[in-house]
Amino acid sequence: MLSEKSRPVIEATLPVIQGRINTITPIFYERLFKNHPELMDGMFSRADQKEGIQPRALAGSIPVFASYILNNPDSYPDEILSRVAHKHASLGVGEEGYEIVYKYLFEAIAIDLADALTPEIAEAWTEVYWLMAQALIKIEKGLYDSQANDVVNAPFTLVKKEEVAPNVYDFTFEPADNTPLTPAEAGQYVGVVVKTADGLRQPRQYSLLPSQLHQRRFAVKINPAGEVTPMLKDLREGDTIELSNPYGDVVLNNISPLEFGPLYLFTSGIGIAPALAFVHKLASQGNGREIIAVHRDQSLESWPLRQEYAAAINSLPDGKLISFLQAEGEGDYDGDIDMSRFQLSRQSSAFMCGPLDFMQTVRSSLVQAGLPGKNIHYEVFGPDQWMHRARRQTIQGRRYVS
Ligand SMILES: Cc1cc2nc3c(=O)[nH]c(=O)nc-3n(C[C@H](O)[C@H](O)[C@H](O)COP(=O)(O)OP(=O)(O)OC[C@H]3O[C@@H](n4cnc5c(N)ncnc54)[C@H](O)[C@@H]3O)c2cc1C
Ligand code: HEM
């Protein structure tokens, strides 16, 4: 809880700090990576740094957290902290890193605000930083402790690679050493680390697909302009890369407690991956609730993992698959998802995964149809965009996309 001494200082300076994030963050990262180049090796994504999305996410989340605790003095934004902690754990962020980030972040604030930064303001924001840091450290400790091993990444060998749609590859890996394997929950992802041409190790995350217990399987949409996916495309059976333990809290129990009504799964392109894991899990449980899977794609050919998804949905006691494809006459419907085709009730819950514009459109339609925001969940295949919305409103749960 924020101290009574700091509360008025944070209230008064929040708009200033929020307004300065875009100038504070470049100073912060320049100094951080200059003094700790090892953080770029296997932990931070160089592509995200270029894009500027992640830099804003890390530093910008602190004023967002401050705004939340000002408005909700007795609680923390648990869902947001959880997402960040899972991401951190998949990258191996340790407690010692928080002192380093604090040092360079607050040096950057001091440089940017210059004389405007009084000792009183610095002290109040230091309190906010450590409240958030301690909350993250605690969750991350719990996540590390729940693993079957104490390593960040372990070597895995590619045992199967298959092109399952144009430019989408399905990879299956098996452990290359004796590191015990933590069982993954449907909806979780692993961190994947590859060594790039200049020797720097670079991480990405991939949602796990159904596989045998001793394997890790995921599907990758190759981005020819990307840094890591072209390297994954070139992998051959027998090659070894590093994989993290499984992380991610967008799992069935969180998105859809079993007593709930119908569950809608809205997916587009490679966003089908976590939905396939959910459906497979529900089918193995013989779960009788109504599952409506709605997939959007270009065509039958471009739709990854289509047959496996259809088979899993068919094996559900009450499952339906509905497709919206751009290619005329190939799907159940042509074009983009048309929400008026569904009879959504307030008891329905929904999960979505796909490009951000797709999720934004689906979410708006769901809200308009009367679905409570708390029943709408998503996985986003990149740094979460909640920062943008959070500037406009108090956080209401990270699984919102507005
Ligand atoms: C939890 C999670 C699960 C994921 N699961 C999968 C999966 O199952 N299958 C899959 O194919 N991918 C998945 N991803 C995405 C994956 O981690 C990589 O981001 C993706 O494969 C691109 O990697 P790359 O190295 O080829 O491209 P990069 O080198 O990372 O970048 C590609 C280009 O896109 C830009 N860019 C990066 N992020 C964004 C963004 N958010 N908005 C706009 N531009 C951006 C970069 O600056 C660059 O220009 C997942 C991501 C997360 C966070
Ligand atoms: C209080 C301190 C911190 C806060 C508030 C914070 C916040 C965040 C946020 C909001 C994200 C984006 C999560 C997402 O939506 O995917 C993130 C990602 C990340 N954080 Fe932190 N973080 C903190 C400390 C640290 C530390 C100490 C390290 C390591 C030294 C670290 C390394 C990373 C990395 C590597 C990513 C992913 C970046 C990428 O995609 O390149 N963070 N953090």
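Remember, it's a predicted structure, so these values are computed and weren't measured experimentally. Both ligands and their constituent atoms are indexed starting at 1 by order of listing.
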With a cut-off of 4.0 Å, which atoms of ligand 1 are near a heavy atom of [X]?
| X | answer |
| --- | --- |
| I270 | 9 (N), 10 (C), 11 (O) |
| A47 | 28 (P), 29 (O), 30 (O), 31 (O), 47 (O) |
| Q205 | 2 (C), 3 (C), 4 (C), 5 (N), 6 (C), 13 (C), 14 (N), 15 (C), 16 (C), 17 (O), 50 (C), 51 (C), 52 (C), 53 (C) |
| V220 | 11 (O) |

How does [X] reach ligand 2, if at all, at less than 4.0 Å between non-hydrogen atoms: by side chain, backbone, both, or neither?
| X | value |
| --- | --- |
| S61 | side chain |
| L58 | both |
| K87 | side chain |

Got an N/O contact under 3.5 Å between [X] and ligand 1?
| X | value |
| --- | --- |
| R83 | no |
| K87 | no |
| E379 | no |
| V380 | no |

Of [options], which has the heavy atom at the shortest distance from [atom]?
| atom | options | result |
| --- | --- | --- |
| atom 43 (N) of ligand 2 | E38, Q205, E140, H88 | H88 |
| atom 11 (O) of ligand 1 | K221, H86, Q202, M231 | K221 |
| atom 27 (O) of ligand 1 | G226, G191, G248, A277 | G226 |
| atom 33 (C) of ligand 1 | L356, N223, V250, L232 | N223 |
| atom 1 (C) of ligand 2 | F65, Y129, Y104 | Y129 |
| atom 8 (C) of ligand 2 | V380, V128, V84 | V84 |

Which of the numbered atoms in ligand 2 are below 4.0 angstrom from a heavy atom of [X]?
| X | result |
| --- | --- |
| L91 | 34 (C), 35 (C), 36 (C), 37 (C) |
| M132 | 5 (C) |
| M43 | 29 (C), 35 (C) |
| V93 | 26 (C), 28 (C), 29 (C), 31 (C), 32 (C) |
| I62 | 5 (C) |

Counting heavy atoms only, which part of [X] comes closer than 4.0 Å to ligand 1: side chain, backbone, both or neither?
| X | answer |
| --- | --- |
| Y189 | side chain |
| T229 | both |
| A225 | neither |

For [Y], is there an ion pair with [X] - N to carboxylate O distance below 4.0 angstrom?
| X | Y | answer |
| --- | --- | --- |
| E242 | R201 | yes |
| E290 | K320 | yes |
| K87 | D249 | no |
| K160 | E162 | yes |
| E127 | R7 | no |
| D338 | R341 | yes |
| R216 | E174 | no |
| K34 | E30 | no |
| K141 | E95 | yes |
| R31 | E107 | yes |

Any T172 side-chain heavy atom under 4.5 Å of Q212 side chain: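 Side-chain contact under 4.5 Å: no.
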Side chain to side chain, F381 and Y189, heavy atoms closer than 4.5 Å: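 They are not in contact (no side-chain heavy atoms under 4.5 Å apart), so the answer is no.
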Charged tip of K161 within 45° of F171 ring normal and under 6.0 Å: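 No cation-pi geometry.
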Sidechain-backbone polar pair: S284 side chain, K281 backbone, donor-acceptor under 3.5 Å: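 Such a contact is found between S284 side chain and K281 backbone.
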R296 side chain vs S268 backbone, donor-acceptor pair below 3.5 Å: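 Pair absent, no side-chain N/O of R296 close to backbone of S268.
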4.0 Å heavy-atom contact, S45 with ligand 1: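 No; S45 lies far enough from ligand 1 that no heavy-atom distance drops under 4.0 Å.
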Within-shell test, F218 vs ligand 1, heavy atom, strictly < 4.0 Å: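 Contact check F218 vs ligand 1: negative.
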Geometric class of the Y102/Y129 ring pair [parallel <30°, tilted 30-60°, perpendicular >60°]: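 Judged by the thresholds at 30° and 60°, the geometry between Y129 and Y102 is tilted.
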